[in-house]
Amino acid sequence: MGKFQVMDHPLIQHKLTIIRNKNCGTKVFREVVDEITMLMAYDVARDMPLKDVEIETPIAKTTVKTLAGKKVAIVPILRAGIGMVDGIMKLIPAAKIGHIGMYRDEETLEPHEYFVKLPADIDQRQIFVVDPMLATGGSAIMAIDALKKRGATNIKFVCLVSAPEGVKALREAHPDIDIYTAALDDHLNENGYIVPGLGDAGDRLFGTK
Ligand code: PRP
Ligand code: URA
């Protein structure tokens with residue numbers, strides 16, 4: 001079974017409180033999502049493989065560690081996942097980006113896939129799927145289905161706010177993947193929104209409501 005980790009570092013909790021507030025405007029929301037994602041990326045990348053290299057410091061020759069250069073892909077689930085790409089890119093600038101377009105039908109809450117564009121060698125990459133919200137889990141499950149259909153095996157899912165219902169559904173559908181969340185909230189309401197949550201992440205990031 002994959003890992004399930006709530007990344008509740010004080011800085012992350014503090015920043016999450018800023019964006020949960022309904023009075024937080026689009027500019028600050030976007031900036032703080034970026035900051036939280038960067039803080040999360042630090043730990044999500046903890047098991048990236050290292051290799052030895054020989055270098056010369058001003059004092060002596062030495063053998064030290066460097067990233068083994070395993071290829072990484074960041075895959076945001078459109079739209080809201082886009083807000084989390086730069087935060088990871090700041091730490092892993094050589095990562096390639098894939099996009100998966102997914103929207104939830106507001107009545108049925110069923111996810112619909114409308115766009116998939118991935119690096120050609122996606123099957124060989126360590127993949128970070130990013131989306132701020134894990135609500136029913138439908139969008140994440142379908143996005144990971146789309147990746148596995150194309151040969152992806154090494155997948156981590158990174159979100160900001162999750163609901164117990166979504167975590168359970170995602171773990172049942174894809175028990176092999178690791179899930180990282182900044183907060184595990186209480187429940188989903190009758191409209192499929194996370195409570196207390198932060199509202200509609202896409203609308204808050206892009207100012208569309
Ligand atoms: C939101 C969010 C997730 C999805 C989560 O996207 O960004 O992708 O809902 O809900 P689920 O776990 O119940 O599937 P939305 O469908 O609102 O699309 P948007 O990002 O384009 O606004
Ligand atoms: N999608 C969102 O953007 N917010 C929620 O609370 C649930 C799904």
Side-chain angles (χ1 to χ4, degrees), residues 2 4 6 15-26 28-30 32-34 36-37 40 73-88 97-118 127-149 152 155-175 177-209:
F4 173 69
V6 180
K15 289 175 190 292
L16 200 51
T17 297
I18 294 172
I19 59 171
R20 282 186 191 274
N21 191 322
K22 68 177 186 184
N23 296 319
C24 173
T26 304
V28 172
F29 191 92
R30 220 181 269 146
V32 175
V33 166
D34 182 64
I36 296 172
T37 311
M40 292 180 78
I74 304 166
V75 178
I77 301 178
L78 308 181
R79 292 175 298 166
I82 289 173
M84 297 176 69
V85 172
D86 280 358
I88 301 184
I97 316 288
H99 294 87
I100 297 186
M102 207 67 84
Y103 72 90
R104 268 193 343 169
D105 182 304
E106 287 186 5
E107 301 282 308
T108 65
L109 303 182
E110 285 296 313
H112 294 272
E113 181 185 300
Y114 61 88
F115 185 77
V116 178
K117 185 78 184 170
L118 301 168
I127 300 167
F128 301 126
V129 178
V130 293
D131 189 329
M133 311 306 279
L134 177 63
T136 65
S139 304
I141 290 169
M142 201 180 247
I144 293 166
D145 285 341
L147 286 163
K148 286 187 174 173
K149 209 161 72 187
I155 303 169
K156 293 177 191 286
F157 181 79
V158 187
C159 63
L160 302 187
V161 182
S162 55
E165 295 89 331
V167 173
K168 182 169 181 286
L170 181 53
R171 276 166 84 71
E172 279 171 11
H174 295 293
I177 69 152
D178 294 336
I179 304 172
Y180 300 86
T181 184
L184 178 61
D185 273 13
D186 197 59
H187 65 280
L188 292 179
N189 70 13
E190 61 284 6
N191 300 316
Y193 279 89
I194 300 176
V195 182
L198 49 75
D200 186 306
D203 285 339
R204 297 204 63 196
L205 269 169
F206 299 112
T208 39
K209 219 168 236 171

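If you're wondering where the values come from, they're calculated on a predicted model, not measured in any experiment. Read the numbers this way: they start at 1 and go in the same order the structure lists the ligands and their atoms.
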For [X], is at least one N or O under 3.5 Å away from an N or O on ligand 1?
X: A201; value: no
X: Y114; value: no
X: G137; value: yes

L78 vs Y114, test: side-chain contact (heavy atoms from CB on, under 4.5 Å). Steps then yes/no. CA-CA 9 Å; L78 308 181; Y114 61 88; 3.5 Å; yes
How far is [atom] from its nearest protein heavy atom, and which residue and atom name does that atom have?
atom: atom 5 (C) of ligand 2; answer: Y193 CD2, 3.4 Å
atom: atom 17 (O) of ligand 1; answer: D200 OD2, 3.9 Å
atom: atom 15 (P) of ligand 1; answer: R104 N, 4.3 Å
atom: atom 18 (O) of ligand 1; answer: M102 O, 4.0 Å
atom: atom 3 (O) of ligand 2; answer: A201 N, 2.9 Å
atom: atom 22 (O) of ligand 1; answer: R79 NH2, 2.9 Å
atom: atom 13 (O) of ligand 1; answer: T136 OG1, 2.6 Å
atom: atom 5 (C) of ligand 1; answer: M133 O, 3.6 Å
atom: atom 6 (O) of ligand 2; answer: I194 N, 2.8 Å

Output the list of atoms in ligand 2 that are nearer than 4.0 Å to some heavy atom of R104, sorted by atom number.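 Checking each atom against R104, I get 7 (C), 8 (C).
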Show the atoms of ligand 2 that are less than 4.0 angstrom away from any heavy atom in G192.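 Ligand 2 atoms under the 4.0 Å threshold to G192: 7 (C).
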With heavy-atom distances below 4.0 Å as the criterion, list the atoms of ligand 1 near [X].
X: Y103; result: 16 (O)
X: A80; result: 7 (O), 20 (O)
X: G138; result: 12 (O), 14 (O)
X: S139; result: 4 (C), 8 (O), 11 (P), 14 (O)

Test item: [X] side-chain N/O and [Y] main-chain N/O as donor-acceptor pair under 3.5 Å:
X: R204; Y: G25; value: no
X: S162; Y: A183; value: yes
X: R171; Y: I179; value: no
X: E165; Y: L188; value: yes
X: N189; Y: Y193; value: yes

Compute the minimum heavy-atom distance from [X] to ligand 2 and say whether it is under 4.0 Å.
X: G197; answer: no
X: R204; answer: no
X: G199; answer: yes

Is atom 2 (C) of ligand 1 in close reach of the protein, with a heavy atom under 4.0 Å away?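 There is a protein heavy atom less than 4.0 Å from atom 2 (C) of ligand 1.
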How many angstroms lie between [atom1] in [X] and [atom2] in [Y], if you round to the nearest 0.5 Å?
X: K156; Y: I74; atom1: NZ; atom2: CD1; result: 13.5 Å
X: I144; Y: I77; atom1: CD1; atom2: CD1; result: 7.0 Å
X: L198; Y: T17; atom1: CG; atom2: OG1; result: 11.0 Å
X: R104; Y: S139; atom1: CZ; atom2: OG; result: 6.5 Å

If you take all heavy atoms of [X] and [Y], which pair is closest and at what distance?
X: M102; Y: A143; value: CE-N, 3.3 Å
X: A182; Y: M40; value: N-CE, 3.6 Å
X: I141; Y: A169; value: CD1-O, 3.6 Å

Salt bridge between R20 and D185, side-chain N to carboxylate O under 4.0 Å?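 D185 and R20: salt-bridged.
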Sidechain N-carboxylate O distance under 4.0 Å for D203, R79: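 Counted as a salt bridge, because a side-chain N and a carboxylate O are separated by less than 4.0 Å.
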Heavy-atom distances under 4.0 Å are what count here, so tell me which part of A135 touches ligand 1: side chain, backbone, both or neither.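 It is both backbone and side chain that touch ligand 1.
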Is the closest N or O pair between A135 and ligand 2 shorter than 3.5 Å?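 There is no such contact.
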Identity of the nearest option to atom 7 (O) of ligand 1, non-hydrogen atoms only, from V161, L160, D131: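 The residue whose heavy atom sits nearest atom 7 (O) of ligand 1 is D131.
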